[in-house]
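Report on the structure given below.
Per chain, numbering begins at 1; letters A, B, ... match sequence-line order. Note that the structure is a prediction, hence the values are computed from the model and not measured.
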2 protein chains.
Amino acid sequence: MAEPLRFVRPIAASTSSEVFEHLRALIVRGEWLPGRRVSENEVARSLGLSRTPVREAFIRLRQEGLIQVYPQSGTVVSPIDLGEVEDCQFLRETLECRTVALAAERCTARDAADLKRLIERQLECCAPGREAEFVAADDEMHRRLVAISGRTAIWRVVRDAKAQLDRVRHLSLENPAWIERNVNEHRRIIARVVAHDAGGATQAMRKHLRNVFQSIERISREHGEFFQQVSAGP
Amino acid sequence: MAEPLRFVRPIAASTSSEVFEHLRALIVRGEWLPGRRVSENEVARSLGLSRTPVREAFIRLRQEGLIQVYPQSGTVVSPIDLGEVEDCQFLRETLECRTVALAAERCTARDAADLKRLIERQLECCAPGREAEFVAADDEMHRRLVAISGRTAIWRVVRDAKAQLDRVRHLSLENPAWIERNVNEHRRIIARVVAHDAGGATQAMRKHLRNVFQSIERISREHGEFFQQVSAGP
DNA sequence: CGGCGACAACTTGTATACCAGTATGCTTGT
DNA sequence: ACAAGCATACTGGTATACAAGTTGTCGCCG
């Protein structure tokens, strides 16, 4: 038998994983709008693959709540559930406010330099047409703050919640000034973290997340067509 | 084309989902110990199925971090990563302490009755050999508290974190008195929730979760063989 | 005796074929 | 004209076949 598994492994990305990342990005960036009908066959054809890797990607997307599969009938990009969006905001605020406080306590000089570099990168994205880059940098900064806090496993959860929120954000092409305001808020957070001011960092983070959520709520009101009412189970 | 999807849907559980639930339970309950080698073929044979539904279950297990897949080589039940366990505890404490406070504010008379019934059920499980029932009732109570808080989407996250923690718990057949102590702590939490005492509920929950974590830490020290050191990557 | 190499037996990844259920739209009977 | 029903083309779920990679065994050769 081929028993042991002592892999120091590189772990090549499989086709299936690539498809998953690709489709996930399409959904989060709003290129596949909520409610859109999709099918394994169609995607497989368009990518020149068999159904298998596409199907495996679908399974993961379903588990993350990004699509809804109705056997023998069809699959749709999940409509946005306002209650779930609010829960995601609650989750983010709860977790990131605590991790950013930890990050403030543990932040080293090297971390501080990294964070400042990330802010620079965000500033460069304050040009029209570079929103996608900013979103990536935004993700990276939040991820980095969680990493500095030492609770690395938390990121996975925050990332999934953030995806749901970003999905709403992408329903609307926002005012370009939006990026600048975000960078400023990020700067305030980083300043408190670098200064080892846990309380200040928490407040800055909370304010930032609430501002983001405010625009999400506005967008929700403007795009009711993508939302679904949902059972308020017992 | 078969377009609309107006499914009021029953959504029959697929074989694949049943396999997933089954394997997940095996891992969480410690019947499949950390580090154990498993293979899609072997499971498929033993369940009298083809590889397909088993493989799909594996994909979901991997996504939840319960197994590690090494392509062309093999699959193992995830060794326990102490850092990740600590993160799960952090996550649970952070989230459940907040949701239980919300639950205290929102708890209705009907909710209170349900909670008391759940406590009764737990009391009945204070007999030897009924640990499994207690664990189920424990899960149900924590789930219910989150539900009462109104942040239903949070449960998914808490559940996954709890699974990692329960996995460690099941490494050791604990002293039966353990159940009784847990029920008492649950009772204290419920009492504060029913009394609409958000602060008290938070404190009771925190104390409960920390006690649970204490035994997890003890078990960790006693069963180093199932643990792995992990890279603290940047 | 020790190291190296081909082979065999396994692993997971991908492609294909078939099954059962569902929505569409046309046909057919009234 | 209209309604019932059936054919059809789609859906996702499952089974099977093949491809590609890894590992341990075993035998050969130095």
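At whole-Å resolution of the value, CD in B:Glu40 and C1' in D:dA15 are 14 Å apart. Across the protein-nucleic acid pair, B:Phe20 atom CZ and D:dG13 atom P stand 15 Å apart, rounded to whole Å. The distance between atom CZ of B:Arg60 and atom P of D:dG13, rounded to the nearest whole Å, is 11 Å.
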Quiz item: So B:Leu145 and B:Leu115, side chain to side chain contact (heavy atoms under 4.5 Å, CB included) or not? Walk me through it.
Solution: CA-CA 8 Å; B:Leu145 284 172; B:Leu115 289 170; 4.1 Å; yes
Strictly under 3.5 Å: I want the nitrogen or oxygen pairs between protein and nucleotides 16-18 of chain C, one per line.
none

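Heavy atoms of A:Val19 sit nowhere under 4.0 angstrom from any nucleic acid atom. Here B:Val38 lies in heavy-atom contact (under 4.0 Å) with sugar-phosphate atoms only.
Along DNA chain C, the nucleotide nearest to A:Gly48 and the one nearest to B:Glu42 differ in position, and the one closer to the 5' end is contacted by B:Glu42. Both B:Gln72 and B:Glu56 sit near DNA chain D, but only B:Glu56 has its closest nucleotide nearer the 5' end.
For A:Ser39, a side-chain nitrogen or oxygen approaches OP1 or OP2 of D:dT11 to under 4.0 Å. The side chain of A:Asn41 contributes no N or O atom lying less than 4.0 Å from OP1 or OP2 of D:dC10. Residue B:Arg55 has a polar side-chain atom (N or O) positioned under 4.0 Å from OP1 or OP2 of C:dG13. Remark: A:Thr15 is in phosphate contact with C:dT14, judged by side-chain N or O atoms under 4.0 Å from OP1 or OP2.
At least one side-chain heavy atom of B:Asp87 sits under 4.5 Å from a side-chain heavy atom of A:Thr152.
One finds a salt bridge joining B:Arg143 and B:Glu140 here, because a Lys/Arg side-chain nitrogen approaches an Asp/Glu carboxylate oxygen to under 4.0 Å.
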